*Asks:* 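Below is one structure. I have some questions about it.
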Number of protein chains: 2
Amino acid sequence: MGASNLTLHSQKQKDIAAVAKVLAHPARVAIIQYISSQDACICGDIVDKIGLSQPTISQHLQVIRSAGLIKGSFEGKSICYCIDVVRFKELQNIFNNFFNTTAANCC
Amino acid sequence: MGASNLTLHSQKQKDIAAVAKVLAHPARVAIIQYISSQDACICGDIVDKIGLSQPTISQHLQVIRSAGLIKGSFEGKSICYCIDVVRFKELQNIFNNFFNTTAANCC
DNA sequence: ATATGATATTGCAATATTACGATAATACTA
DNA sequence: TAGTATTATCGTAATATTGCAATATCATAT
C-alpha cells in the first residue's frame, strides 16, 4: 500500500508526527523563520525571500497554518502572516515532552 | 517537478527539516518510544509491538538509525537497538534552538 | 560446515508530497 | 463599478514515502 494504518498508533504519537511533518521541509522552516524575523507582518515578499513560486509558498503556508503555527490577517491588499505564540509554545512542549520522556535505559 | 531545490535553504534549515522528518511518522515515534521503554535492549519484538511487517519496521529503523538516534549491536542472534543519548540530546537542542530563536514580533 | 533464527535488502504497488503554470478569488483604489 | 495588486486554488507532472511479499544476508548453535 503505502498508506499509514490509522489504528496502529496512539493519538499522542500521531500528534508528534503531525507536528514534525510541518517542520520536515526546509522551505517551511525557512518561511517560519522569515516570518518571525520581521518586526512587522510583512508577508508578500516571502516569495521573493525563499525563492520558490507563489503557488508553492502559498501551499506551504497552508500546511503551516493548518497546524496552527501561524495565523493570517488582511493588512491593506496583502495578508499578514504571524507566528501564533500560544500554539508555538504548545508545539515546543509536545517536542520537549517527547524528548524528556524518551530516555535510554540500556547500552 | 516535486523535488526540493538544493540551494535555496541554509544548512541549518535543512538540518532541522531532516531531523523533523525522522519524527514525521507515527510508526517511527512509536518505535523510538518503545525502544526507550525497555530496560534491556529487547528489539526483535518491535515488530509484534508496533503491528507492521518486519521489512517495514526494518525500513523505519534504518531511517531512525541514519539520523543517529539509535544504534544497533548484536546480542546473540538478534540485534539490540538502543537510543543514542548524546545524539538524542543534540536533536533536542536543535529543536529547542529553533523554537527559542523563533519568536513573534508582531500581531 | 550446515541449519536456524533474526534482520536487511529487493522489487513493486499505492499513496503522498512537492512544485509550477494557469486561473480564480479577494480586497482595496480610483 | 472597473481596474489592480495580492493571495488561493486547480490541474498536472515529477519525485518521495510507505508498505509488504519474497529473498538474501548475517550471526550463532549444532
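None of these values were measured; they are calculated from a predicted model. Every chain is numbered from 1, with letters handed out A, B, ... down the list of sequences.
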*Asks:* Rounded to whole Å, how long is the line connecting atom CD of Glu75(B) with atom C1' of dC26(D)?
*Replies:*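 So the two atoms are 16 Å apart, to the nearest Å.
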*Asks:* For the CD1 atom of Ile32(B) and the CD atom of Gln13(A), what is their distance to the nearest 0.5 Å?
*Replies:*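 Answer rounded to 0.5 Å: 10.5 Å.
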*Asks:* To the nearest 0.5 Å, what is the distance between OG (Ser36(A)) and CD1 (Ile31(A))?
*Replies:*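 Those atoms lie 12.5 Å apart.
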*Asks:* Give every donor-acceptor pair under 3.5 Å between a side-chain atom in residues 95-103 of chain B and any protein atom, sequence neighbours left out.
*Replies:*
from, atom 1, to, atom 2, distance (Å)
Asn96(B), OD1, Gln92(A), NE2, 3.2
Asn96(B), OD1, Asn96(A), ND2, 3.1
Asn96(B), ND2, Asn96(A), OD1, 3.1
Asn100(B), OD1, Gln92(A), NE2, 3.0
Asn100(B), ND2, Asn96(B), O, 3.1
Thr101(B), OG1, Asn97(B), O, 2.7
Thr101(B), OG1, Phe98(B), O, 3.3
Thr102(B), OG1, Phe98(B), O, 2.6

*Asks:* If you only use heavy atoms from C-beta on, which nucleotide in dA16(C), dC20(C), dC20(D) is closest to the side chain of Ser53(B)?
*Replies:*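 Among the listed nucleotides, the one closest to the side chain of Ser53(B) is dC20(D).
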*Asks:* Once you round it to whole Å, what is the distance between C1' of dT18(C) and CD1 of Ile64(A)?
*Replies:*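 Nearest whole value for this atom pair: 14 Å.
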*Asks:* Got a sec, which pairs hit salt bridge (Lys or Arg N to Asp or Glu O under 4.0 Å) with one end in residues 80-92 of chain B, sequence neighbours left out?
*Replies:*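 Those involving residues 80-92 of chain B are Arg87(B)-Glu90(B).
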*Asks:* In terms of the nearest nucleotide of DNA chain C, which residue is placed more toward the 5' end: His60(A) or Gly76(A)?
*Replies:*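 Of the two residues, His60(A) wins.
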*Asks:* Name the pairs: protein N/O against N/O of nucleotides 2-11 of chain C, kept only if under 3.5 Å.
*Replies:*
from, atom 1, to, atom 2, distance (Å)
dT7(C), OP1, Ile79(B), N, 3.3
dA8(C), OP1, Tyr81(B), OH, 2.4
dA8(C), OP2, Ser58(B), OG, 3.0
dA8(C), N7, Gln54(B), NE2, 2.7
dA8(C), N6, Gln54(B), OE1, 2.9

*Asks:* With sequence neighbours excluded, what pairs up with Tyr34(A) under the side-chain contact (heavy atoms from CB on, under 4.5 Å) test?
*Replies:*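 Applying side-chain contact (heavy atoms from CB on, under 4.5 Å) to Tyr34(A) gives Ser37(A), Gln38(A), Asp45(A), Ile46(A), Lys49(A).
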*Asks:* Could you pull out every donor-acceptor pair under 3.5 Å between side chains of residues 56-67 of chain A and any protein atom, sequence neighbours left out?
*Replies:*
from, atom 1, to, atom 2, distance (Å)
Thr56(A), OG1, Ser53(A), OG, 2.9
His60(A), ND1, Arg28(A), NH1, 3.1
Gln62(A), OE1, Arg65(A), NH2, 3.3
Arg65(A), NH1, Tyr81(A), OH, 3.4
Ser66(A), OG, Gln62(A), O, 2.7

*Asks:* Write down the distance between CD1 (Ile31(A)) and C1' (dA19(C)), rounded to a whole number of angstrom.
*Replies:*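 Value for this atom pair: 13 Å.
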*Asks:* Would you indicate, yes or no, if dA19(C) has its OP1 or OP2 atom less than 4.0 angstrom from a side-chain nitrogen or oxygen of His25(A)?
*Replies:*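 True: His25(A) side-chain N/O within range (under 4.0 Å) of dA19(C) OP1/OP2.
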